[in-house]
Student: 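Mind looking over this structure? Questions follow.
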Amino acid sequence: MTIKEIFAGESDNLEFKEEIPTKSEKFMKTVVAFANGSGGRLIFGIENNSWRVIGFTKEEVFRKVDAITNAIYDSCDPKITPSVGIQEAESKYIIVVEVPPGMQRPYYIKSQGMLEGVYLRVAGTTRKAARYQIQEMILDAGNRSFDQQKSKRELSEAEIEQFCDRLYLHAKELCCTEDNQKALKKIGKNQLLTYKLIVEDNGKYYATHGYQLIDGQVDEYPGASIQCAVFKGNVRNIFITRKEFTGSIDEQIESAYSFVLEHINLGARIDGLARQDIYELPIRTIREMITNAVCHRSYLSPDKIQVALFDDRLEVTSPGMLDHDLTIEKMKTGLSKIRNKAIAEAFSYMNLIEAWGSGIPRMIAEAEAYGLPEPELIDLNSDFRVNLYRKKMSYDRHGVVDPRFVAEKKAVYATDCATNATDCETKLKDTEQKLLAALREKNTLTQKELHEITGISLGTIKRLLPKLQTKGRLERIGNRRNGLWKVKE
């Protein structure tokens with residue numbers, strides 16, 4: 001290390017020690033934390049806080065190197081093999097211990113045991129790992145994911161068939177074209193076994209955690225919901241409104257997505273005689289942010305996904321630390337690591353996610369084309385956050401977006417966005433007709449009853465009923481509890 005790097009101070013992967021502590025556990029926690037993360041450096045011979053070079057003499061430095069190496073080898077399990085070197089600084093000698101990211105996580109201090117001796121780096125400090133974080137590292141070491149693990153729930157053939165039907169209907173709703181709808185095939189039990197959404201044991205079939213989460217059986221997963229809120233200003237201080245969505249995780253996506261659309265600005269763009277809706281934020285990016293959070297979060301964590309709308313940004317926070325091999329820079333190039341493999345397979349089938357790793361680069365490209373700042377990706381150590389910054393739109397008295405809202409070179413994308421919204425409405429036309437037909441037959445149907453009759457997901461129903469009212473095809477008479485629907489031809 002250079003003196004300049006030393007004087008830059010400590011960071012997530014750099015820590016200074018003035019002397020080798022008598023009790024090696026005092027620095028062994030940091031060694032273990034580095035091995036459990038993306039690696040790091042321990043520098044002995046630098047005064048903490050002041051970063052003044054204390055150093056060691058030539059006569060004692062080799063003895064201290066041996067003491068450090070032996071302490072690390074004897075104290076940690078699995079074994080950690082650091083690179084220990086000597087460097088001259090200001091005519092003195094310092095010891096640089098480089099700890100590589102480990103391949104056999106979790107690493108722990110043997111004297112404390114696995115449950116108490118696992119440590120992680122969080123915001124430049126060393127902290128004891130939570131039980132769920134240890135469990136996640138154990139699964140990751142075996143190339144397994146939590147959502148593919150067997151639950152206690154035994155499934156009947158009828159339940160499996162019904163689950164496959166629901167996935168098929170959701171996938172069909174999200175197909176972009178009629179050709180895609182025709183090409184879509186319903187999956188069956190064998191495909192669920194391949195995805196590891198179900199497992200077979202002694203001739204019986206059991207749901208995995210991924211199956212349970214998609215099926216809406218989320219009671220044993222206390223963090224499996226999405227908290228949505230609108231705040232006044234740019235900080236978490238004054239709530240304007242808030243809502244929490246539970247149930248099937250794919251329907252949570254639809255509900256959270258609809259929540260955001262309801263609370264951002266909507267204008268229009270005139271194309272010939274047609275008036276096309278255009279939101280202030282790219283709607284595909286909004287959906288991508290929420291879907292990624294649901295698909296890649298840690299379901300072992302008790303924390304919940306948070307979707308927060310501020311005056312200046314949309315903020316989506318997903319529980320769970322990034323994989324130690326994954327960095328923000330790598331993510332921007334399209335590299336991804338799937339945390340929930342069974343859920344990811346199901347989401348891919350349902351057209352909720354596209355090609356692996358394409359989400360972040362596409363979000364960046366769409367924000368740029370929309371005239372917005374690049375989305376901010378933030379590693380919070382135990383959580384991951386994406387910020388999409390808002391840009392005020394100008395409207396005329398008819399609610400039409402001022403054409404100066406985007407630069408000429410970016411106007412094509414704005415039209416594409418509007419077209420995308422229009423395509424989405426066209427794509428859902430059959431679904432809308434199903435809802436209208438059901439309400440013609442019985443105009444007192446609840447959203448749950450509509451779901452049971454039509455097979456359309458609750459999230460989609462919640463999104464479409466207000467749209468049908470806006471388009472003048474549906475009217476609500478009376479209150480929400482005792483009212484009825486009037487279908488307009």
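None of the values given here were measured: they were computed from a predicted structure.
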Student: Answer yes or no: is there an ion pair linking Asp311 with Lys232, defined by an N-O contact shorter than 4.0 Å?
Tutor: no

Student: Is the closest basic N to carboxylate O distance between Glu262 and Lys243 below 4.0 Å?
Tutor: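 Lys243 and Glu262: not salt-bridged.
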
Student: Do any N or O atoms from the side chain of Arg242 and from the backbone of Cys228 form a donor-acceptor pair under 3.5 angstrom?
Tutor: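 It does not hold such a pair.
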
Student: Would you please say whether a donor-acceptor pair under 3.5 Å links the side chains of Glu136 and Ser298?
Tutor: yes

Student: Between Phe34 and Arg121, what is the shortest heavy-atom contact and its length?
Tutor: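 Smallest heavy-atom distance, with atoms named: CE2-NE, 3.5 Å.
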
Student: I'd like to know if Asp147 pairs up with Lys341 as an ion pair, taking the criterion as any Lys NZ or Arg NE/NH1/NH2 lying under 4.0 Å from an Asp or Glu carboxylate oxygen.
Tutor: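 Judged by the 4.0 Å cut-off on N to carboxylate O distance, Asp147 and Lys341 do not form a salt bridge.
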
Student: Treating Thr291 as the side-chain partner and Glu288 as the backbone partner, does any N or O pair qualify as donor plus acceptor under 3.5 Å?
Tutor: no

Student: Between the side chains of Ser225 and Glu244, does any donor sit under 3.5 Å from an acceptor?
Tutor: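 Glu244 and Ser225 do have a side-chain donor-acceptor pair below 3.5 Å.
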
Student: So do Leu120 and Arg127 actually touch side chain to side chain, heavy atoms under 4.5 Å?
Tutor: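 No, side chains not in contact.
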
Student: Taking the side chain as every heavy atom from C-beta outward, state whether Met363 and Val386 have any pair of such atoms under 4.5 Å apart.
Tutor: yes

Student: Tell me, do Leu155 and Tyr211 make a side-chain contact under 4.5 Å, heavy atoms counted?
Tutor: yes

Student: Before we go on, tell me: are the rings of Phe310 and Phe231 under 6.0 Å apart, centre to centre?
Tutor: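 Yes, the ring of Phe310 comes within the 6.0 Å limit of the ring of Phe231, centre to centre.
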
Student: Between Ser151 (side chain) and Ala207 (backbone), is there a donor-acceptor pair under 3.5 Å?
Tutor: yes

Student: Sequence neighbours left out, what passes salt bridge (Lys or Arg N to Asp or Glu O under 4.0 Å) with Asp215? Give chain and number order.
Tutor: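 Applying salt bridge (Lys or Arg N to Asp or Glu O under 4.0 Å) to Asp215 gives Arg153.
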
Student: For a side chain to side chain donor-acceptor pair (under 3.5 Å) check, start with the C-alpha distance between Ser318 and Arg385, then their side-chain angles and the critical distance, and finish with the verdict.
Tutor: CA-CA 6 Å; Ser318 177; Arg385 177 173 292 164; over 6 Å; no

Student: Can you give me the closest heavy-atom contact between Ile461 and Ile456, atom names plus distance?
Tutor: CD1-O, 3.5 Å

Student: I'd like to know if Glu315 pairs up with Arg236 as an ion pair, taking the criterion as any Lys NZ or Arg NE/NH1/NH2 lying under 4.0 Å from an Asp or Glu carboxylate oxygen.
Tutor: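 Yes, charged N to carboxylate O under 4.0 Å.
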
Student: Can you tell if the side chain of Ile138 reaches within under 4.5 Å of the side chain of Arg144, non-hydrogen atoms only?
Tutor: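 Of all side-chain heavy-atom pairs linking Arg144 with Ile138, at least one is under 4.5 Å.
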
Student: Do other residues, nucleotides or ligands put more than 12 heavy atoms under 6.0 Å from the CG atom of Asn234?
Tutor: yes

Student: Where do Asp312 and Tyr389 land on the side chain to side chain donor-acceptor pair (under 3.5 Å) test, with the steps shown first?
Tutor: CA-CA 6 Å; Asp312 68 334; Tyr389 286 92; 5.4 Å; no

Student: Quick one: closest heavy-atom pair of Phe347 and Cys295, and the distance?
Tutor: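 For Phe347 and Cys295, the tightest heavy-atom pair comes out as CD2-CB, 3.9 Å.
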
